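Positions are given from 1 along the sequence. In this text, all values refer to a predicted model and were calculated from it rather than measured experimentally. Whatever order the structure lists them in is the order used to number ligands and atoms, beginning at 1.
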Amino acid sequence: MIKDGATETRPVIALAMGDPAGISPELTARIIALPEIREAAHLVVIGDRRILEGGAKEAGLDLNLASAPLDSFELAGKDRHVFIDLAHLNPADVVRGEATLAGGTFATTNFRTALKLADGGRAHAVCFTPFNKKAMRYAYSGYDDEIRFVADVIGFTGKAREFNVLERVWNARVTSHIPLAEVASALSVEGIVAELALTQACLKSAGHENPRIIVAGLNPHAGDGGNFGTEEIDIIEPAVAAAQKAGLDVAGPFPADTVFLRALKEEFHAVLTMYHDQGQIAMKLIGFDKGVTMIGGLPFPLCTPAHGTAYDIAGKGIADVGASREALLLAARMARRAAALSAAA
Ligand SMILES: NC(=O)C1=CN([C@@H]2O[C@H](COP(=O)(O)OP(=O)(O)OC[C@H]3O[C@@H](n4cnc5c(N)ncnc54)[C@H](O)[C@@H]3O)[C@@H](O)[C@H]2O)C=CC1
Ligand SMILES: NCC(=O)COP(=O)(O)O
């Protein structure tokens with residue numbers, strides 16, 4: 001619940017430091033140093049000072065970031081970012097380029113702390129630098145992905161989904177982190193209609209007044225009239241028709257290999273794909289350095305770069321901050337909009 005006027009002041013974003021074995025320390029340092037982020041948001045960064053300083057060194061930055069206590073960081077004022085030093089990871093215990101229990105414990109602790117700040121009304125949004133899911137699972141055995149963890153930490157029982165966001169187009173998925181072999185049987189008319197409705201609501205919450213959504217088929221050539229599978233005829237077409245009847249601006253299904261070309265040419269705001277990589281490959285080719293993963297449907301915005309921990313370049317000082325910058329800016333925009341709507345209600 002947004003508790004104060006994030007419309008007039010910069011929203012407070014709780015930024016959890018991610019996996020210490022990859023590029024997260026460097027990215028966190030780079031984000032803190034960006035002037036456009038200072039203008040857009042007041043960051044409350046959560047992690048370990050020694051790990052952050054390692055990242056700043058890799059990035060060649062001198063951060064000059066004040067620490068503040070977790071229980072009263074608000075007293076430090078909002079004129080500059082602050083750091084909550086949980087002092088919980090000795091850099092000597094970090095194995096760069098490796099998923100470990102220590103790394104997962106560090107990241108899950110930071111994430112849990114950030115989520116509780118937002119859930120308690122002390123932050124307007126949460127962002128994080130990349131987590132490694134294997135490390136997260138070492139620390140928290142039920143860690144399928146962020147949605148499950150968030151639900152466990154704040155007791156959220158509603159429907160939340162992951163979106164990939166670029167300025168030009170969004171990608172929503174009917175299925176996400178499940179084996180490919182299970183995708184076809186996971187599709188249903190009701191499930192697709194629900195995804196379309198949530199996608200429309202999330203696009204609106206990010207400022208798109210009249211969202212247009214285009215839907216991909218599942219099979220090659222969208223089944224080619226039933227030649228290569230019938231999910232389009234049996235499930236996806238009826239779902240699109242039902243969504244249209246409910247007043248959503250939706251088109252499809254179209255073949256997945258050209259649906260993104262259509263979306264860009266015909267100015268759709270989002271593509272709904274049937275499974276993870278059907279959308280991710282296209283999105284990462286369109287804008288890897290700007291891609292954001294946004295978890296929609298939660299009581300507060302939750303954003304992270306769409307790329308991962310990049311173990312292969314950890315410690316080299318060459319991590320691109322572009323996607324992280326977009327993640328923070330999207331979270332700030334969504335928080336301001338939520339505050340404006342709540343003030344108007
Ligand atoms: N935001 C998050 O928390 C995300 C976490 N992940 C997790 O990250 C881990 C590794 O995922 P991968 O599939 O290997 O993908 P990855 O995105 O970590 O790496 C893929 C390639 O992109 C490069 N790359 C990634 N980010 C970069 C950046 N900022 N600047 C320059 N080059 C960059 C890497 O060096 C690598 O060559 C997995 O555990 C995955 O679940 C994946 C996506 C998002
Ligand atoms: N931690 C966020 C994340 O892993 C994004 O996952 P995906 O969208 O790449 O599957």
Within reach of ligand 1, part of [X] (heavy-atom separation under 4.0 Å):
| X | answer |
| --- | --- |
| Ile313 | side chain |
| Ile23 | side chain |
| Tyr311 | neither |
| Asp312 | side chain |

Hey, does the side chain of [X] reach the backbone of [Y] with a donor-acceptor pair shorter than 3.5 angstrom?
| X | Y | result |
| --- | --- | --- |
| Arg30 | Arg325 | no |
| Glu237 | Pro253 | no |
| Thr258 | Leu261 | no |
| Arg50 | Leu89 | yes |

Checklist entry - Among the heavy atoms of Ala319, does any lie under 4.0 Å from an atom of ligand 1? => result yes
Item to check | Test item, Lys133 contacting ligand 1 (heavy atom, 4.0 angstrom) | outcome: yes
Checklist entry - Taking the six-membered ring for Trp, are Tyr140 and Phe149 parallel (under 30°), tilted (30 to 60°) or perpendicular (over 60°)? => result perpendicular
Item to check | Full working for side chain to side chain contact (heavy atoms under 4.5 Å, CB included) between Thr100 and Asp93 | outcome: CA-CA 10 Å; Thr100 63; Asp93 295 333; over 6 Å; no
Item to check | Atom-level proximity to ligand 2, residues with heavy atom under 4.0 Å | outcome: Phe128, Lys133, Glu146, Glu162, Asn164, Arg173, His177, His276, Gln280, Thr293, Thr304
Closest approach of any protein heavy atom to [atom], naming residue and atom:
| atom | result |
| --- | --- |
| atom 19 (O) of ligand 1 | Ala310 CA, 4.3 Å |
| atom 28 (C) of ligand 1 | Asp320 N, 3.6 Å |
| atom 25 (C) of ligand 1 | Phe288 CZ, 3.5 Å |
| atom 9 (C) of ligand 1 | Thr309 OG1, 3.2 Å |
| atom 5 (C) of ligand 1 | Phe131 O, 3.1 Å |
| atom 44 (C) of ligand 1 | His307 O, 2.9 Å |

Between [Y] and [X], is there a side-chain donor-acceptor contact under 3.5 Å, judged purely by atom types and distance?
| X | Y | answer |
| --- | --- | --- |
| Asp145 | Ser176 | no |
| Thr293 | Thr304 | no |
| Ser67 | Arg49 | yes |

Checklist entry - Given Gly322, Ala306, Gly308, which one has a non-hydrogen atom that is nearest to atom 16 (P) of ligand 1? => result Gly308
Checklist entry - Would a 4.5 Å heavy-atom cut-off, applied to side chains only, mark His124 and Phe300 as touching? => result no
Checklist outcome for this item: Atoms of ligand 1 under 4.0 Å from any heavy atom of Asn132, numbered from 1 in the order shown, are 9 (C), 39 (O)
